[in-house]
Amino acid sequence: MKYWLLKSEPDVYSLDDLKTEGTGHWDGVRNYQARNNLQAMKKGDLGLFYHSRSNPPHVAGLCKITKKAYPDPTAFDPKEKYYDPKSDPDNPRWFCPDVSYLCHFPEIVTLPAIKEVKSLSDMVLVNNTRLSVQPVTASEFRKICKMGGLELPPGGLKNL
DNA sequence: GCCAACGTTGGC
DNA sequence: GCCAACGTTGGC
């Protein structure tokens, strides 16, 4: 199982929105590095749901990958904000997985708090601020959960 | 809302 | 294939 961090601007799409929807399509990603990460996701992988451009930026809770990435339909539709004429249905350029709501942390984990933790200084979040879909190590993932006050079920992360 | 950092585009 | 110009992201 792999771990990820998914960024979203809460004004556009928040963890509350995902909770309401239950399952969402992580579409609209138009960056190759982020795209490659989306394609590397497997069903059952876990994600930290991060609210960017909020004050302060923070991890709000957890989500789960429930369907591996498939061609992003919003790239084919000229009416869509994220329409990309260079993505051909026969040779799609952009992909999106389905993501389901898991939980809100009892307490949000802010970016400044993360930056204070020495063992988290290698996180992509800290070193590549602009990447919107990024890998997280198991130990980083566990630490963030702990900082968020989340009680892990018996058996740990795999039983979430 | 500003702007630094970074990614992408396209002329040459 | 270089790099200037431009666009976007996201912290502050």
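Throughout, protein chains are lettered first and strands after them, A, B, ... in sequence-line order, and every chain is numbered starting at 1.
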Check whether any side-chain nitrogen or oxygen of A:K115 sits under 4.0 Å from OP1 or OP2 of C:dC12, and answer yes or no.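 For A:K115, the contact criterion (side-chain N or O under 4.0 Å from OP1 or OP2 of C:dC12) is met.
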Using only side-chain N and O atoms of A:Y32, determine if any of them is under 4.0 Å from OP1 or OP2 of B:dT9.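 No, no such contact exists.
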Length of the line joining [X]:[atom1] and [N]:[atom2], which is rounded to integer Å:
X: A:L125; N: C:dT9; atom1: CG; atom2: P; answer: 17 Å
X: A:Q33; N: B:dG7; atom1: CD; atom2: P; answer: 7 Å
X: A:N36; N: B:dG7; atom1: CG; atom2: C1'; answer: 14 Å
X: A:E9; N: C:dC12; atom1: CD; atom2: P; answer: 15 Å
X: A:K7; N: C:dT8; atom1: NZ; atom2: C1'; answer: 12 Å
X: A:D84; N: B:dG7; atom1: CG; atom2: P; answer: 18 Å

Heavy atoms, side chains only, cut-off 4.5 Å: are [X] and [Y] in contact?
X: A:M41; Y: A:L6; value: yes
X: A:P73; Y: A:C96; value: yes
X: A:T74; Y: A:R30; value: yes

Picking from B:dT9, C:dG7, C:dC12, which would you name as closest to the side chain of A:K86?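 Looking only at side-chain atoms, A:K86 lies closest to B:dT9.
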Let's see if you can work this out: which of C:dG11, C:dT8, B:dG7 has an atom nearest to the side-chain heavy atoms of A:N31?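 The listed nucleotide nearest to A:N31's side chain is B:dG7.
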Checking only heavy atoms, does the side chain of A:R30 share a donor-acceptor pair with the base of C:dT8 at less than 3.5 Å?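 No, the side chain and the base share no sub-3.5 Å donor-acceptor pair.
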Tell me if the aromatic rings of A:Y32 and A:W94 count as close, with their centers under 6.0 Å from one another.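 Yes, close enough.
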